[in-house]
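Below is one structure, written out as structure tokens; the observations come after it.
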Amino acid sequence: MGSMSTVDDLIARSNALGADPRFTNYAGGNTSAKGTAVDPVTGEDVELLWVKGSGGDLGTLTEQGLAVLRLDRVRALKHVYPGVEREDEMVAAFDYCLHGKGGAAPSIDTAMHALVDAAHVDHLHPDAGIALACAADGQELTSKVFGDKVVWVPWRRPGFQLGLDIAALKDANPQAVGTILGGHGITAWGDTSAEAEANSRWIIETAEAYLAENSAPEPFGAVLDGYQALPPEQRRARAAALAPVIRGIASHDKPQVGHFTDSEAVLDFLARAEHSRLAALGTSCPDHFLRTKVKPLVLDLPATATVEEQVERLKTLHEAYRADYQAYYDRHASPDSPAIRGADPLIVLVPGVGMFSYGKDAQTARVAGEFYVNAINVMRGAEGVSTYAPIDEAEKFRIEYWALEEAKLARMPKPKPLATRIALVTGAASGIGKAIATRLAAEGACVVVADLDLATARAAAAELGSTDVAVGVAADVSNPEAVRAAVDEAVLAFGGLDLVVNNAGLSISKPLLETTEKDWDLQHDVMAKGSFLVAQAAARVLIAQGLGGDIVYIASKNSVFAGPNNIAYSAVKADQAHQVRLLAAELGEHGIKVNGVNPDGVVRGSGIFAGGWGAQRAKTYGIAEDDLGKFYAQRTLLKREVLPEHVANAVFVLTGGELSHTTGLHVPVDAGVAAAFLR
């Protein structure tokens, strides 16, 4: 078989298996193929192993994500293997087995794929397979479910020895098509790619069918009174009320982004009598607990409790969780163990409401939640036919604080300046707001694009990336209910808030005698009242989190400069400018910085100017509207036109970490207007 068809078949198989959450979780498992290619040095055929590299995802795997090794050299490592106590040394030895540049970094499971005598090997983490692997009588169940076609492999940490063990079991059981790995997952093989995939699917589907046909009717026990799911609207409102407090809990040691899940699987688990016992046992599959910690924090109050009661109990439980996690670390850490990585929970479960999961970014937080749902499915399967019995905590610690895992973390790129920060920008679907949202997302923030029109807001958010990067919400900032709803949506999307930009606005340029009461009220409702409402709703979240934060007002040069025919707009900008000073004084005790930006003459790309303001100002100055940008530039000290991106730059400077001790400041972005100098 030629190398290209081997690789193409491997990628197709990997993508097909990885696309189905029944078969494996995100970034979980690995696949491989053996074949021949021409050695460019000798011109002769050489046997190669193509295997999914470290950290990749099967569902999105491409050829660039494969590690490529010389099979004879990997297999020759058996002769220098120093034994299980030093098996980690073999990972570095893989570098001496690479073909050419080797592609992606080889993973810890490379030995399994190389040493098993089959052309194609799949290692997967299906919920049904892990349920059998984590059942107290998993070995007996494996024999009962599969006969002699699937062999039980006792728990062993992934590595070279596990590869040797599976290879030996396959040799001793030529009739077998795969294994159940105790506490872990499955491995299957075949002579062709299609055969390996068929065997993987058969093992998983056979396990699913057995669990479905033989499970106890209520594997999680009876429903607990008061722990049932709240109605959807009430549930979301309670989640939004608790989310800032819970994010503060999860971020005690370092800031985290959050994700909320209220799926039926989560709500049913939390409504049942056994949920507390099972949650305390923790997860088992290494992929699970590396992302969820060994166990979650579970609120032990019914959904009928008040928000205040739940908040107080969560804070008490957090202290107990931290002490418990520190004790777990102390029980198992050796002098050469990596330092503790923080004692806060990554999964917080609230009966009747749902699950809050956390990570270094939105994708990591979302995936952590997906993994805990996998764990719930595993517990349900194991409890339905047996008793859930995950690997013991000493083994969990050996993986969580594995030197190889620490090395992988050390290789991660340095986080961007706004990583873990959640930003809400009003009026962000166009103009200055869109430029600000774009810059904040580029610097690592999760961004909530708020605008009057939901479709426009969502379209602008989609331009920034996936929903792990940005979401769009509707927000009429003059309406307090709409503002609260937008802030709640932001909190439920990413776990909380850190950075709020009051940018929404409009402008009516008229002289005093032509300015109507309606004009005046509209200007003040959207910008003075709107900024107040957004700041107030956001401050409630920021204070509850206890993580500090930033509020930035996009004011104007006109907040300090008295120009003609501009009474309503300039008066409201002065109002916004003083709100900055007032809130900086009031919110400083909570670590919340409040600053402003004073732009001038942002014509190109500005929604306000496109909406008629440009024509009105051009008429005031007696020039053509197309020349307005040049006109503004020529009246500045620097003779430069101001663009939306320049305003966005100022927002980033104020919030990016360098000005950590600056609050109550207004930054001019006007290319130099002496009459607007701050005094």
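Side chains are part of it too, since the values below use all heavy atoms of this structure and drop only hydrogens, waters and symmetry mates. If you're wondering where the values come from, they're calculated on a predicted model, not measured in any experiment.
At least one donor-acceptor pair under 3.5 Å links the side chain of T426 to the backbone N or O of A504. Using modelled atom types, no side-chain atom of K593 and backbone atom of T655 make a donor-acceptor pair closer than 3.5 Å. Side chain of R341 to backbone of E400: a donor-acceptor contact under 3.5 angstrom is found. The backbone N or O of D498 sits less than 3.5 Å from a side-chain atom of R421, completing a donor-acceptor pair. Between the side chain of T467 and the main chain of V471, no donor-acceptor pair closer than 3.5 Å is present. Looking only at distances, a side-chain donor or acceptor of R247 sits under 3.5 Å from a matching main-chain atom of Q256. Looking only at distances, a side-chain donor or acceptor of D344 sits under 3.5 Å from a matching main-chain atom of D253. When atom types are taken as modelled, the side chain of T456 and the backbone of L452 share no donor-acceptor pair closer than 3.5 angstrom. No donor-acceptor distance shorter than 3.5 angstrom exists from the side chain of Q576 to the backbone of S531, with no hydrogens or angles considered. At least one donor-acceptor pair closer than 3.5 Å links the side chain of S466 to the backbone N or O of D468.
In this structure, N502 and I554 have side chains that are not in contact, with every pair of non-hydrogen atoms separated by 4.5 Å or more. The side-chain heavy atoms of P351 and L299, taken from C-beta on, include a pair separated by under 4.5 Å. Taking 4.5 Å as the limit, some side-chain heavy atom of D262 sits within range of a side-chain heavy atom of L267. Between L522 and L506 the shortest side-chain heavy-atom distance falls below 4.5 Å. In this structure the side chain of K293 never reaches within 4.5 angstrom of the side chain of I347, judged on heavy atoms.
Side-chain polar atoms of H524 and D575 form no donor-acceptor pair below 3.5 angstrom. For the 3.5 Å distance criterion, the side chains of Y553 and Q579 qualify, holding a donor opposite an acceptor.
Other residues, nucleotides and ligands place no more than 12 heavy atoms under 6.0 Å from the CD atom of E264. Taking a 6.0 Å sphere around NZ of K295, one finds it holds 12 or fewer heavy atoms contributed by other residues, nucleotides or ligands. Around CD of E586, the count of heavy atoms belonging to other residues, nucleotides or ligands within 6.0 Å does not exceed 12.
The minimum heavy-atom distance linking K360 with V257 is given by the pair O-CG2, 4.2 Å.
With respect to R313 and E309, no salt bridge is recorded, no charged nitrogen being found less than 4.0 Å from a carboxylate O.
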Taking it one step at a time, do E481 and R484 satisfy salt bridge (charged side-chain N to carboxylate O under 4.0 Å, His left out)? CA-CA 5 Å; E481 287 77 20; R484 281 194 292 271; 3.5 Å; yes

Listed pairs under 3.5 Å, donor-acceptor, residues 218-233 side chains, sequence neighbours left out:
residue	atom	partner	partner atom	Å
E218	OE2	R272	NH1	2.9
Q228	OE1	G226	N	2.8

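Note on ring orientation: taking the six-membered ring where Trp is involved, the planes of Y325 and Y328 are tilted (angle from 30° to 60°).
One distance of note links CD1 of I508 with NZ of K518; it measures 9.0 Å at 0.5 Å rounding.
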